[in-house]
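This report concerns only the one structure given below.
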Amino acid sequence: MKIIFFIFLLTGSLMVRAQEQIKWPGGKKSAIILTYDDALPSQLKFAVPQLKTAGLTATFFLTSDIDSLSIPQWRNLSKNGFELGNHTVFHPCAGTDDNPVPSDHYTAYQIIREIEVMDRFLYAVDGKTKRTFAYPCAETTLGGKDYVDSLRKYTLVKYARAGGDSTAFITDFKRLDPFRVPSYGLEGGESGAQLIAFVKKVQRGGGLGILMIHGVGGDYITISAEAHRQLMRYLQTQQKETWITTFQQAMDYINKRIPLKAQKL
């Protein structure tokens with residue numbers, strides 16, 4: 001009986017070491033990243049003021065939908081510590097009614113070229129040369145073929161955010177593929193309580209949680225401005241315990257401590 005108990009303890013110890021949690025800066029116990037996709041007007045109208053009021057930063061994955069009216073606002077956000085990431089020029093996705101640019105006949109080269117063009121566009125906005133990427137519609141395939149390794153090979157992108165649900169947060173950093181970083185993709189209509197529940201789950205696990213947000217109080221895949229405000233208020237009270245940062249800053253921090261490598265499919 002004693003031998004069995006010893007083996008159990010040893011096995012448990014090895015499992016903890018295999019999934020050793022990272023030590024976050026400033027003695028914080030977890031990390032949260034807020035990401036916003038598609039350069040939506042509602043993000044500038046509602047999300048950004050709420051973020052600023054709470055003293056929080058975030059990552060915005062932009063497409064070529066940015067224009068002469070919004071570009072000065074995005075540029076100002078970059079100057080104030082927010083991250084502008086690449087979300088392609090045309091946001092190609094598997095052909096559906098709400099995605100006017102179907103990706104079904106795209107090749108890996110075509111989308112990589114599109115990412116490169118968007119990089120140049122964003123350089124004109126914020127003057128930065130190396131940035132992160134979010135897969136349009138969280139799809140890592142084009143016409144049924146995975147293009148992640150092609151993207152990795154061209155070295156245009158530092159890290160890439162993928163999709164997931166409310167269980168998609170990270171505690172096993174040794175197995176984290178920097179080109180398939182999971183996130184909680186909101187489906188629209190989530191309440192403030194649901195968003196806070198996800199954060200609390202990440203906090204209990206001492207890990208990293210990423211929220212993928214689209215519309216805030218408008219546009220599409222929308223959460224209400226009030227739900228977003230409730231999340232901001234909660235996060236504002238958690239900054240001593242939880243690191244709230246940008247996607248690139250968090251991934252750079254992790255990569256320096258646990259060098260990230262591609263995982264086999």
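These figures come from a predicted structure and were not determined experimentally.
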| query | Given the rule in the side chain to side chain contact (heavy atoms under 4.5 Å, CB included) test, do Phe82 and Tyr36 qualify, once you have shown the distances and angles that lead to the verdict? | reply | CA-CA 11 Å; Phe82 292 82; Tyr36 301 80; over 6 Å; no
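- Applying the disulfide bond (SG atoms under 2.5 Å apart) test to residues at least two apart or on different chains, the pairs with a partner in residues 126-242 are Cys93-Cys137.
- The minimum heavy-atom distance linking Leu235 with Ile244 is given by the pair O-CD1, 3.5 Å.
- Within 6.0 Å of atom NZ in Lys29, 12 or fewer heavy atoms from other residues, nucleotides or ligands are found, so the atom counts as exposed in its surroundings.
- Remark: Lys200 NZ is loosely packed, at most 12 non-hydrogen atoms of other residues, nucleotides or ligands lying under 6.0 Å away.
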| request: Mind running side chain to side chain donor-acceptor pair (under 3.5 Å) on Thr59 and Gln248 for me, showing each step along the way? | output: CA-CA 8 Å; Thr59 297; Gln248 184 166 332; over 6 Å; no
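- Between the side chain of Thr155 and the backbone N or O of Lys153, no donor-acceptor pair lies under 3.5 Å.
- Tyr253 carries Arg257 over the face of its six-membered ring, with the cationic atom under 6.0 Å from the centre and within 45° of the normal.
- Put simply, the side chain of Gln239 reaches to within 4.5 Å of the side chain of Leu56, judged on heavy atoms.
- Looking at Ser183, its side chain does come within 3.5 Å of a backbone N or O of Ala162 through a donor-acceptor pair.
- Although no hydrogens or angles enter the test, the distance criterion places no donor-acceptor pair under 3.5 Å between the side chain of Glu190 and the main chain of Ala227.
- Taking 4.5 Å as the limit, every side-chain heavy atom of Thr245 sits out of range of all side-chain heavy atoms of Lys28.
- A donor-acceptor pair is defined here as one N or O able to donate and one able to accept, closer than 3.5 Å; such a pair exists between the side chain of Asn80 and the backbone of Asn76.
- Lys158 is listed as a side-chain neighbour of Asp252, based on a closest heavy-atom distance under 4.5 Å.
- Within the model, atoms CD1 of Ile213 and CG of Asp37 stand 9.0 Å from one another, a figure rounded to the nearest 0.5 Å.
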| Derivation of the side chain to side chain contact (heavy atoms under 4.5 Å, CB included) call for Tyr135 and Phe61 | CA-CA 10 Å; Tyr135 298 98; Phe61 288 108; over 6 Å; no
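- Counting heavy-atom neighbours within 6.0 Å of Tyr109 OH, excluding the residue itself, gives a total of 12 or less.
- Taking CD1 from Ile66 and CH2 from Trp74, the interatomic distance works out to 8.5 Å, rounded to the nearest 0.5 Å.
- Thr171 and Gly207 get closest at one heavy-atom pair: CG2-CA, 4.1 Å.
- Heavy atoms of other residues, nucleotides or ligands lying less than 6.0 angstrom from NZ of Lys130 number more than 12.
- Side-chain contact check for Ser166 versus Lys201: some heavy-atom pair is nearer than 4.5 Å.
- When each of Thr132, Val117, Ile115 is checked for a side chain to side chain contact (heavy atoms under 4.5 Å, CB included) with Asn86, only Ile115 meets the rule.
- Leu40 and Phe60 are not part of a single hydrophobic cluster, where members link through side-chain heavy atoms under 4.5 Å apart.
- Here the NZ atom belonging to Lys256 is positioned 11.5 Å from the CD1 atom belonging to Ile22, to the nearest 0.5 angstrom.
- In this structure, CD1 in Ile32 is found 12.5 Å from CH2 in Trp243, a value given to the nearest 0.5 Å.
- Between Leu176 and Pro182, the shortest heavy-atom distance links the atoms CD1-CD, 4.0 Å.
- Ile170 and Leu34 are assigned to two separate hydrophobic clusters, defined by single-linkage of ILVMFWY side chains at heavy-atom distances under 4.5 Å.
- The salt bridge (Lys or Arg N to Asp or Glu O under 4.0 Å) test with Asp126 is passed by exactly one of Arg131, Arg75, Lys79: Arg131.
- Proximity of Trp24 to Leu208: side-chain heavy atoms (C-beta onward) are separated by under 4.5 Å at one or more points.
- Under a cut-off of 6.0 angstrom, the local environment of CD in Glu187 is sparse, with at most 12 non-hydrogen atoms contributed by other residues, nucleotides or ligands.
- In this structure, the side chain of Gln194 engages the main chain of Ser191 through a donor-acceptor pair within 3.5 Å.
- Here the CG atom belonging to Leu62 is positioned 5.5 Å from the CE atom belonging to Met118, to the nearest 0.5 angstrom.
- The two atoms that bring Gly185 and Met212 nearest to each other are CA-CB, 3.7 Å, heavy atoms only.
- Here the side chain of Glu139 pairs a donor or acceptor atom with the backbone of Ala94 at under 3.5 angstrom.
- With values rounded to the nearest 0.5 angstrom, Thr63 atom OG1 is found 3.5 Å from Asp65 atom CG.
- Residues Gln110 and Pro92 are not in side-chain contact: their nearest non-hydrogen atoms beyond the backbone lie 4.5 Å or more apart.
- Cluster membership check: Ile33 shares its hydrophobic cluster with Ile254, using side-chain heavy-atom separations under 4.5 Å among Ile, Leu, Val, Met, Phe, Trp and Tyr.
- Side-chain atoms of Glu116 never come within 3.5 Å of backbone atoms of Leu156 as a donor-acceptor pair (strictly under, hydrogens ignored).
- Here the closest non-hydrogen pair linking Met232 and Ala54 is O-CB, 3.9 Å.
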| task | Could you walk me through whether Ser70 and Asp67 pass side chain to side chain donor-acceptor pair (under 3.5 Å), step by step? | result | CA-CA 5 Å; Ser70 64; Asp67 56 25; 3.2 Å; yes
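- Side-chain heavy atoms closer than 4.5 Å link hydrophobic residues (I, L, V, M, F, W, Y) into clusters, and following such links, possibly through other members, connects Phe198 to Leu51.
- In this structure, Phe247 and Ala160 approach most closely via the heavy-atom pair CZ-C, 3.9 Å.
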| task | Give the C-alpha distance, both sets of side-chain angles, the deciding distance and a yes or no for side chain to side chain contact (heavy atoms under 4.5 Å, CB included) between Val101 and His91. | result | CA-CA 7 Å; Val101 180; His91 197 278; over 6 Å; no
| So Leu151 and Thr140, side chain to side chain contact (heavy atoms under 4.5 Å, CB included) or not? Walk me through it. | CA-CA 10 Å; Leu151 179 63; Thr140 58; over 6 Å; no
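- Phe179 is not connected to Met251 by any chain of hydrophobic side-chain contacts under 4.5 Å among Ile, Leu, Val, Met, Phe, Trp and Tyr, and they are in different clusters.
- Between Ile112 and Ser150 there is a side-chain heavy-atom pair separated by less than 4.5 Å.
- Residues Thr88 and Phe133 form a side-chain contact, since some pair of their non-hydrogen atoms from C-beta on lies under 4.5 Å apart.
- Remark: side-chain polar atoms of Ser103 are not paired, donor with acceptor, to backbone N or O of Tyr106 under 3.5 angstrom.
- For the pair Glu241 (side chain) and Ser30 (backbone), a donor-acceptor distance under 3.5 Å is absent.
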